[in-house]
Structure formats: structure tokens, C-alpha cells
Amino acid sequence: MQADIYNVQIDDIFEGPMDLLLHLIKKHEVDIYDIPIALITKQYLEYIEWMKIMNIDIAGDFIVMASTLTKIKSRMLLPSHEEEDEDPRLELVKPIEEYLRMKSAAEKLAARTLLGEDTFVRNPRLEDHLMDHEAEIIPVGLFELIDAFQKILENISPHERVNITADTISVRDKIVQIVEIFETRGSTTFNELFPKDAEQSEVIVTFLAILEMVKLSLVRIIQNTRTGIIRLFYL
Amino acid sequence: MENIKNIIESLLLVTEEPLTIDRIKNILIEPGRKEVHNALTELSAEYEARKGGFLLREVAGGYQIRTRPEYREWIKRLIQPKPLRLSKAALETLAIIAYKQPIIRSDIEHIRGVNCGGILRMLLERKLIRILGRKEIPGRPIIYATTKQFLETFDLKDLKDLPTPEEIATLGDASLENME
Amino acid sequence: MENIKNIIESLLLVTEEPLTIDRIKNILIEPGRKEVHNALTELSAEYEARKGGFLLREVAGGYQIRTRPEYREWIKRLIQPKPLRLSKAALETLAIIAYKQPIIRSDIEHIRGVNCGGILRMLLERKLIRILGRKEIPGRPIIYATTKQFLETFDLKDLKDLPTPEEIATLGDASLENME
């Protein structure tokens, strides 16, 4: 029971077996090309033992490294028959070298002027750059808006028109809803605010909400003269 | 077209991603690659000379106007940047992919000595790496590579621009020191 | 803070919306409204003098860096939405779905006389069509329909405005030409 308290993630201590190995090499200030394999293996196993006692969840990777170390150690003990026999420790040195190279590469990457950290780019609102003296897009007046609204009302099926339920959405709630749409997308078309299956009462509330938002200068409404699509922009 | 420099500047100001010379050339129609390149060089020199709030960077194969790093703290007061904040483990994994790409997961894990499934997923989600395809060996493992976003984030012109890792000679090396 | 002008310039470069003097003042802490205002005036004068690609506009109660209106034609060429490039087969499939939706795959293939799994996947990826559900018949085949993106791509107010298949075909060709 009490052991649970000490249930530590291995990542908090050593990222992996390579990190533990490097920690030991560094601690003893030994040359990676001349690792005192017996000493390092002994200490490595002690660490694992300690981790077990501390109830640290030991990943299989640590065990694999332990067996590699033990294997190298035993091969070192065997008398070498031939001069040109490869040093068994090379099996360890090459991966360590590679790992250190990659660690150094990671450090160098982290030291660069990072986008979003040290330097930033422009986040342009494209319509702003096109809006200036834009002939094709005109600000929408109230009449155009009402025309569009009438079209939407015409599209509501008669069935929906009579079906007015008690829990209608208030204008203020609707404004909040519309603002939420703006906050995720920045702009919306007029028609999108009126779902096809909307009830008449909701359509009216939506329309009143838009008018209120225009009055409060919360939105800018423009219409593309070519397509007739009315678009609302959040200011 | 005498004001090619100004037009390019206006394009650079509007674009969201680095603009390649070819892209600019196609927009401008008349001028050739060389004129576009010269205009960009002039703009860059101009920004350097005036030492204002921004500079021109060649990055991910294109050009981009970026704020000067010295003003980062002020900009962070203005916008809530999506922090890059990669853990040491994630950075190492990313470095391995960057230097060894195209690479499969087991090769990455072989170098790092640990499982890195979660990290790969995170790097994929953040669009720093991408799936290149599958290796035609048993199990058809996924091949990973870095993205354009990686180049942009780390301010690299291209993959050749990657900093060379220190060759590790002996203990006491900088990398070993910085391990903690 | 001698470089207040540069800091403000970097802020203006990054922001999406016009920055008010108060907002800038709050970010910079030390300088008052007057100093911020002066810096903005200086920046504006500087941009006017150099007559580059952009200017400073006072808009919606704040300040914003915008491209010079004389370059808008070039900018339009830059930010033109990527033209939709669909093969004839894809356009046909899309047209069938648009006109016959909701429709299942076997019905599409019946009309076209060929397998169209790959095309459906591509159209789904491009968000031109979507999966509406499954038909409650043996095999529970997937039902396809067009998306809002489809309407936007083809500049349609709603499905009633759908042009004839012939008209769609020419639309596709026109986009193809614009690509060059």
C-alpha cells in the first residue's frame, strides 16, 4: 500500500538506459573509448536494483542494456586468442557515440532562433488587404439584409413555421452564439447563420441579433456583387 | 516594372508562408528569377540597415518577413504564442529523424534506446514530422521524415542547412557536459 | 526605451487586428499615450517617405500595417484561392453525388459504369463530399452527400443553384487554365 507513494515514472530520473549509462560514464569521468566495463556494469545493475526497491517501473529497455553490459563484461574476461580481436566494448561505444551526436544535434536545434519562440511571422487578415477600394465587394445596407432575410423565411417549410416551441433563444444568447462562431472562424456568410431546418422564431432571433451586433459595431457586413454572397466579419 | 521591390515587399507582408522565388516570379510575370532574387537581397539589406522591428529570412526554400528576435518578450505580451516547448526526449527524436531521414521507428528507438511511440505521435500532430510511406520489409514499417513546418520552425533554409552535430571524441565534451 | 518605435513595428507586424494606442501602451508599460502616439506618427511618416510596399493605417480605432492599395492586383494574384483541380472522372463523380444525393457508392458506379473508390476517397479528403450515414439495406453501404465546402468551392448559395453537369465541366476547365 505504502509503496504506491513511491511509484515514480522512470522518465523523471533517466529518459532511458542510454541516459543512465552516460550518467555513469560522466560521474566517473571515464573515456567512452576506454570504459571500465566491470565498474560501469556493477553500478548500472545497482541503479536498476535501487529503482526496483524504490518501486520504479523499469522499462524493458533497461533490462536489455543490463544484459548487453553483462555480456560485454564476460567477453572481456575471456582471454583474447588473437591480436586483431575486436574490443567487445565497441558494441557499446558506437551507439554511445551516435547517441551523443544526436544529443548534440538536438541541443543545436534548440539553440536556433525558433519560430513562435524567438521570432514571429505576420498573421495577416487577408480580407483587410483586399478590402481597400475593393470594387467587387460592397458594404451591405439594411435593405439588402432584409431582402436576404426574406429569402430565408421563404425557404422555411410551412411545417416549421407553425412549430414554435416554448424554449426560444433570446437575442442576447444568440449574439453570444454568433460571437463564438466568429471567434473560431473570423467570418461567416449570412446564410450560414440560418440553418435550413431552423424554426421561424429562431430565424427571427438570429436576425435581431445580427441587427443588434451591427448597431454595436461588432460586425461588418459586406456583399460580393458578383455572387451575391453576404459575409459578416467580426470587428 | 521599376517598383518590383515594393511589390515583393507587399506580397511578403500578406503571405502566411515563406514565398519561393518561383512563386514571386510567377506572380510578377515579367521579371526573371535573377531580378526577383536581387530585389529580395536588396530588401534584406535594407531591413538590416534600418534595424526596425523585422527582418527578411530565407527559410524552408522561401522568403519570409519575421520579427527581430530581440523583441520576442514584447510580442509575447501581445499574443499568446503556441509554445513550441519540446521536451528533451522529443527534441532528440526530432534530431534523429532530421539527420537520419528517411527513417523507421525501430531505427530511431535503436539510437535512443527507448520506446518513442508517444513522441512520434506528438511530433506528427504538431506537423514537425510526416509519414513518408512504408518500407517494403517484413511488417512494412512506417517511414518518417521532417516537414516544411520543421524547417520553418527551426529557421532552416533546407535540410542541408542543418547544423552539424559535434563529432564526439572523448569525455568532457560539451554534449556530455550539457547532459543534465 | 529608445527603440519603442521598433518594438511597436514588430507588434504591428504580428497582430491580426488593428492595435489601439491603449493596447500598445499596456504592452510597453513605461511609455505613455503621447509617446506611443508620437512613435506611430513617426512610423507612418517613415513608411510614407520610403514608399515601399506597405503603409500604416489608422483603422477601427487602432493602427494596422497594410499593403499599399496600388499593389492590390499583385496581391490578388498571390492570395487567389488555390484553383480546384479535378480530373474529368472526379468531376463526373462529384456531379452525380451533387445531383443524386444522398447516394450510395454502387449507384454512383452504376451510373458511371466504373469503380470509383479512389475518387470517392479523394473527394472526401478534399471535403467536397461527406459520409451521411449508412443505408439500412444488406451490406449497410455508405451514403454520400456534398458538403458546405462543395457549395463554397463552386460559389453556390445552395444545392438548388447547381448548374448543369456541362456547366460544371467548363468550370473545371477554367480553373485548370488559371493554374498555369
Side-chain angles (χ1 to χ4, degrees), chain A residues 10-11 14-35 59-62 64-65 68 92-130, chain B residues 10 12-17 54-55 57 59 64-69 71-72 75-76 79 81-86 88-89 91-96 98-100 109-115 152-156 162-180:
Chain A
I10 192 75
D11 298 19
F14 294 109
E15 173 62 34
M18 278 295 212
D19 274 315
L20 173 52
L21 194 60
L22 284 175
H23 168 79
L24 295 175
I25 291 172
K26 195 187 161 203
K27 197 171 123 190
H28 293 285
E29 295 183 6
V30 294
D31 189 337
I32 63 165
Y33 296 104
D34 189 20
I35 299 170
D61 309 314
F62 280 88
V64 173
M65 177 63 85
T68 307
L92 213 52
V93 172
K94 289 223 173 88
I96 289 176
E97 272 186 308
E98 182 74 343
Y99 186 56
L100 281 177
R101 243 196 309 275
M102 288 302 116
K103 263 182 132 33
S104 141
E107 278 161 24
K108 287 205 166 171
L109 278 179
R112 295 185 65 82
T113 37
L114 303 180
L115 182 64
E117 199 64 51
D118 305 312
T119 177
F120 299 84
V121 291
R122 198 165 159 77
N123 216 340
R125 286 207 303 192
L126 297 180
E127 65 266 26
D128 283 340
H129 292 279
L130 285 181
Chain B
S10 71
L12 285 167
L13 203 78
V14 168
T15 183
E16 272 172 278
E17 40 190 49
F54 53 84
L55 38 73
R57 293 292 306 166
V59 65
Q64 193 171 42
I65 288 180
R66 292 187 171 190
T67 57
R68 288 191 171 271
Y71 303 126
R72 66 175 79 93
I75 290 166
K76 281 184 190 165
I79 55 169
K82 288 168 252 152
L84 182 66
R85 295 246 166 275
L86 291 176
K88 237 174 66 174
L91 257 170
E92 283 172 23
T93 310
L94 189 58
I96 292 168
Y99 285 86
K100 308 277 177 182
E109 292 179 343
H110 183 76
I111 295 174
R112 290 199 56 237
V114 282
N115 179 302
E152 282 182 44
T153 305
F154 287 90
D155 194 19
L156 297 164
L162 273 174
T164 1
E166 311 258 342
E167 290 300 324
I168 310 305
T170 47
L171 184 85
D173 211 285
S175 301
L176 213 55
E177 294 291 315
N178 292 339
M179 248 195 57
E180 306 310 321

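Lettering follows sequence order; numbering is per chain, from 1.
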To the closest 0.5 Å, what do you measure between CZ (B/Arg57) and CG (A/Leu115)? 11.0 Å
Looking at residues at least two apart in the chain, or sitting in another chain, which of them share a salt bridge (Lys or Arg N to Asp or Glu O under 4.0 Å) with A/Asp118? B/Arg72
Considering residues at least two apart in sequence or located in another chain, which fulfil the salt bridge (Lys or Arg N to Asp or Glu O under 4.0 Å) criterion with B/Arg112? A/Glu15, B/Glu92
Looking at A/Leu109 and B/Phe154, what are the two nearest heavy atoms and their distance? O-CD2, 3.4 Å
Nearest heavy-atom pair of A/Arg112 and B/Asp155: which atoms, and what distance? NH2-O, 2.7 Å
Between A/Met102 and B/Lys100, does a side chain to side chain contact (heavy atoms under 4.5 Å, CB included) hold up when you go through it step by step? CA-CA 10 Å; A/Met102 288 302 116; B/Lys100 308 277 177 182; 3.8 Å; yes
Give a yes or no on whether the backbone of B/Arg68 and the side-chain of A/Thr119 come within a donor-acceptor separation of less than 3.5 Å. no
Top contributor to chain A interface from B/Asn115, B/Leu156, B/Leu94, B/Leu162 [non-hydrogen pairs under 4.5 Å]: B/Leu156
Starting at CZ of B/Arg66, measure out to CZ of A/Arg122 and round the result to the nearest 0.5 Å. 15.0 Å
Could you pull out the closest heavy-atom pair between A/Ala105 and B/Tyr99, with the gap in Å? CB-CE1, 3.3 Å
Count the heavy-atom pairs under 4.5 Å between each of B/Ile65, B/Leu55, B/Leu86, B/Ile111 and chain A, then report the option with the highest count. B/Ile111
Nearest 0.5 Å, please: how far is NZ in A/Lys103 from CG in B/Leu91? 10.0 Å
Closest approach of B/Val114 to A/Pro17 (non-hydrogen atoms, all atoms of both residues): CG1-CD, 3.6 Å
